[in-house]
Amino acid sequence: MRRKTLRNPMNNPAPKSNKPQTAITPTRADDFPGWYQAVIKAADMAENSSVRGCMVIKPYGFALWENIQKYFDAIIKELDVQNAYFPLLIPMSYLAKEAEHVEGFAKECAVVTHHRLEQGPNGGLIPAESAKLEEPLIIRPTSETIIGESMAKWVQSYRDLPLKLNQWCNVLRWEMRTRLFLRTAEFLWQEGHNAFETYDDAKEDALKMVHAYADFAEQYMAIPVFRGEKTEDERFPGAINTYAMEAMMQDGKALQAATSHNLGQNFAHSSEIKFQGREGKEEFAWTTSWGMSTRTIGGMIMVHGDDDGMIMPPRLAPVQIQIIPVMKDDRDQALLDYCDALKKQLKAKGLRAAVDSSEARTPDKMWGCVKKGVPIRVEIGGREMAEGKLTHVRRDIGKDSKATVSVDEFVNGAEKLLAEIHDALFARAKKFRDEHVFEVKTIKEVAEFFAAEKVGFCKVDTALLQEKEWETVKKEYSLTPRCMPFEFNGAKVLIAKSY
RNA sequence: CGGGGUGUAGCGCAGUCUGGUAGCGCGCGUCGUUCGGGACGACGAGGCCGGAGGUUCGAAUCCUCUCACCCCGACCA
């Protein structure tokens with residue numbers, strides 16, 4: 001029965017197979033994009049909404065985003081960034097202020113043209129002709145222009161700089177093809193906008209922020225990343241330099257989940273962010289912008305997940321330790337109390353623990369835990385309770401890691417165990433990534449690599465991107481230069497397929 | 001916007017060619033037996049067959065028109 005359900009969701013005859021049974025079908029090897037969708041569904045993180053291109057983030061997925069917000073927000077506050085909030089709607093003319101910026105975003109903007117609805121001729125509602133806006137508003141695809149306007153007001157003197165602002169918000173980019181978390185029309189992010197007195201300050205800030213993101217990816221998401229600069233054609237519209245962190249997914253494709261931009265004086269000019277300098281002269285500010293989105297969640301799924309579902313990086317996991325009471329009879333209140341006491345002890349240590357006291361069957365609770373990627377699962381039955389013990393299992397290793405220890409030992413070691421899981425996830429991801437980066441000498445070899453359907457990144461001399469052949473190969477295999485890692489000073493570039 | 005496809009129960013699908021009044025699996029509910037890594041049985045609830053016209057005694061099925069969504073391409077965090 002079980003085999004039929006899993007292998008045979010389409011109701012067709014099940015093929016005979018020796019493959020080990022997995023909670024997720026298809027497996028990563030069968031169909032990576034299909035696997036990705038199935039993991040999100042199995043872990044109950046998000047689903048498509050009836051609004052085209054927009055997703056519903058379900059409580060378990062949103063809890064993950066809330067943790068990202070919580071920890072990253074603390075990091076930027078340490079960097080003297082202040083949170084604020086700016087309008088969702090931006091006058092259309094603002095976008096036009098920066099030439100390259102318009103070109104980059106104009107073709108994916110949603111436009112608000114009316115402010116009232118009325119009864120249409122065939123019933124239903126239509127925008128009222130009399131309520132047409134003189135100047136249409138766009139829904140923000142990003143907020144450089146509207147924040148620039150405020151900055152222009154707030155900055156008068158060099159003493160007002162640096163000014164560092166951030167907002168956690170939603171943005172909208174009318175995307176053709178969408179995928180949960182990775183590319184949706186509306187998505188959540190933080191966008192930081194800083195203004196400085198000098199070019200050097202701005203450049204240093206843009207670099208500092210990309211490292212802040214990369215450190216966050218490595219220390220919280222357990223995702224190893226390449227830190228580097230984007231090539232000219234991959235740059236943010238209107239930026240002088242764009243820096244990014246690039247991660248490798250398990251199918252060898254690249255995912256950029258956060259970027260920072262050195263905007264030079266481009267936006268200061270268009271928004272007139274001027275100040276009186278130390279010598280009394282009027283000067284334009286130097287600005288940066290930097291953002292990280294819900295896309296990172298897609299990255300965590302594709303970097304850590306396996307054929308049994310999600311694997312949450314411990315420091316961001318909505319639930320770090322799930323306690324499952326294994327009950328013989330209908331309901332064992334003593335056992336539930338015992339579990340609850342354990343939960344309280346773990347919470348006192350600052351850990352996110354939960355007890356599954358639902359009426360679901362024990363094996364279903366366990367698989368639920370597995371699919372949701374809870375880092376540590378604790379099982380407690382009558383035997384353990386009698387002996388003051390518990391059994392715990394690591395999600396990243398599975399049942400081979402099952403161990404029975406005393407409650408005290410577990411409580412005292414839980415934080416360390418979570419750290420070990422984090423390190424193991426990071427090491428596993430880094431090993432995979434390092435084994436899938438290939439140094440290649442010519443564009444022809446790049447073409448051969450992808451023609452052979454090999455998986456990973458090609459590292460080449462940046463100069464090769466000037467060759468005519470590159471344009472053809474790039475198109476043929478839908479490749480992009482991902483970034484020029486800092487350690488090569490622009491001399492090398494990573495090429496890959498990407499999300 | 002080009003090229004392909006799909007709309008039937010909460011989800012996944014069959015039925016359409018050859019019209020006859022709705023079916024399967026999962027899920028869901030009740031009861032019983034189970035219960036330390038995905039249980040099983042019995043009973044049960046659940047559908048304007050995407051929408052609008054037409055043909056017909058009769059349409060999920062045939063015809064016309066629509067609407068929506070999905071996949072593949074150009075753009076992107």
Side-chain angles (χ1 to χ4, degrees), chain A residues 1-14 21-25 33-34 37-38 41-42 47-53 103-109 122 141-142 170-179 181-191 213 230 233-234 236-237 242 244-247 254-261 289-299 308-309 324-330 332 335 359-371 377-385 390-391 393 398-400 402 404 475-476 478 480 498-499:
Chain A
M1 200 52 182
R2 189 175 130 198
R3 155 165 254 119
K4 192 178 172 195
T5 313
L6 291 170
R7 295 247 159 260
N8 192 12
M10 303 301 191
N11 226 3
N12 293 324
Q21 191 158 9
T22 59
I24 301 294
T25 43
Q37 303 283 350
K41 192 175 174 187
E47 61 191 29
N48 278 308
S49 78
S50 50
V51 183
R52 190 187 212 284
E103 212 180 304
F105 289 108
K107 49 186 176 286
E108 49 186 27
C109 274
N122 307 314
T142 180
N170 55 345
V171 288
L172 190 80
R173 298 178 187 178
W174 208 267
E175 297 290 349
M176 296 299 181
R177 294 180 51 211
T178 60
R179 301 184 66 189
F181 291 118
L182 298 174
R183 172 160 296 106
T184 47
E186 181 187 16
F187 60 90
L188 305 182
W189 75 349
Q190 59 68 219
E191 50 177 323
Y213 286 133
K230 288 282 182 185
D233 51 327
E234 297 289 315
F236 178 76
T242 287
M245 59 174 198
E246 290 287 335
L255 182 80
Q256 169 200 326
T259 48
S260 74
H261 315 291
S289 68
W290 34 282
M292 176 170 67
S293 73
T294 36
R295 191 178 221 207
T296 51
I297 294 176
D308 286 327
I324 298 178
V326 180
M327 290 182 277
K328 280 281 184 207
D329 304 316
D330 287 348
D332 184 337
L335 182 56
E359 292 182 10
R361 295 165 29 80
T362 302
D364 292 342
K365 289 182 183 181
M366 291 178 182
W367 281 104
C369 243
V370 170
K371 287 187 287 195
R377 184 175 79 243
V378 168
E379 301 166 16
I380 306 177
R383 280 203 300 279
E384 278 107 344
M385 179 167 62
L390 56 74
T391 297
V393 192
K399 61 180 172 184
D400 292 344
K402 220 175 226 198
T404 300
K475 238 185 159 168
E476 165 132 28
S478 52
T480 42
S498 72
Y499 282 97

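Labels below follow one simple rule: chain letters A, B, ... track the order of the sequence lines, proteins then strands, and each chain is numbered from 1. What you see is a predicted model, and the numbers here were worked out from it, not measured in a lab.
Using atom P as the reference point in both B:G51 and B:A42, the two lie 35 Å apart (nearest Å). Nucleotides B:U34 and B:C70 place their C1' atoms 42 Å apart, quoted to the nearest Å. The P atoms of B:G23 and B:G47 are separated by 14 Å, rounded to the nearest whole Å. Nucleotides B:U61 and B:G15 have their C1' atoms positioned 9 Å apart, rounded to a whole Å. Nucleotides B:A22 and B:U64 have their C1' atoms positioned 26 Å apart, rounded to a whole Å. Taking atom P in both B:U8 and B:C48, the straight-line distance is 12 Å, to the nearest Å. As rounded to the nearest Å, B:A9 and B:C13 have C1' atoms that lie 12 Å from one another. Spacing of C1' atoms, B:C49 relative to B:A14, comes out at 12 Å, to the nearest Å.
Below the 3.5 angstrom threshold, one finds no donor paired with an acceptor across the side chain of A:R361 and the base of B:G37.
Residue-level contact check: A:L255 touches neither bases nor backbone, having no heavy atom under 4.0 Å from any strand. Looking at heavy-atom distances under 4.0 Å, A:V171 makes no contact with the nucleic acid at all. Across all strands shown, A:G291 has no heavy atoms under 4.0 Å from either base or sugar-phosphate atoms. A:T391 comes within 4.0 angstrom of a nucleotide base, judged by non-hydrogen atoms across all strands. Residue contacts for A:K107: at a heavy-atom cut-off of 4.0 Å it reaches the sugar-phosphate backbone alone, with no base atom in range. At a threshold of 4.0 angstrom between heavy atoms, the contacts of A:E175 include nucleobase atoms, whether or not backbone atoms are also involved. Counting non-hydrogen atoms under 4.0 angstrom, A:T184 reaches a base of the nucleic acid. Base contact: A:G382 has a heavy atom under 4.0 Å from a base atom.
Nearest heavy atom pair, residue A:M292 against residue A:A258, reads CB-CB, 3.9 Å. For A:M327 against A:L335, the heavy-atom pair with the smallest separation is CG-CD2, 3.7 Å. Minimum heavy-atom separation, A:C369 to A:I324: SG-CD1, 4.2 Å. Nearest heavy atoms, A:K371 versus A:A42: CD-CB, 3.8 Å.
Between A:K41 and A:S293, the residue whose closest nucleotide on RNA chain B is further toward the 5' end is A:K41.
If you check B:G25 for Watson-Crick or wobble pairing at under 3.5 angstrom, you find it paired to B:C11. Using the Watson-Crick or G-U wobble rule with both distances under 3.5 Å, B:C62 pairs with B:G54. Searching all strands for a Watson-Crick or G-U wobble partner of B:A74 with both distances below 3.5 Å returns nothing. Base pairing annotation: B:U33 forms a Watson-Crick or G-U wobble pair with B:A39, both donor-acceptor distances under 3.5 Å.
Checked against B:G37, B:C75, B:A77, the side chain of A:P363 finds its nearest nucleotide in B:G37. For A:K371, the listed nucleotide lying nearest its side chain is B:G38; candidates were B:G37, B:G38, B:A77.
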Quick one: which protein N/O atoms are closer than 3.5 Å to N/O atoms of nucleotides 71-73 of chain B? Pair and distance per line, please.
{"unit_1": "B:C72", "atom_1": "OP1", "unit_2": "A:R177", "atom_2": "NH2", "d": "3.1"}
{"unit_1": "B:C72", "atom_1": "OP2", "unit_2": "A:R177", "atom_2": "NE", "d": "3.1"}
{"unit_1": "B:C72", "atom_1": "OP2", "unit_2": "A:R177", "atom_2": "NH2", "d": "2.1"}
{"unit_1": "B:G73", "atom_1": "OP2", "unit_2": "A:R177", "atom_2": "NH1", "d": "3.0"}

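A stacked arrangement is assigned to A:F187 and the six-membered base ring of B:A77, with a centre-to-centre distance below 5.5 Å and an interplanar angle below 30°.
One side chain, A:T404 or A:T391, offers a donor N or O that lies under 3.5 Å from an acceptor on the other.
Scored by the side chain to side chain contact (heavy atoms under 4.5 Å, CB included) test, A:A244 finds A:K230, A:E246, A:Q256, A:T259 as partners (sequence neighbours excluded).
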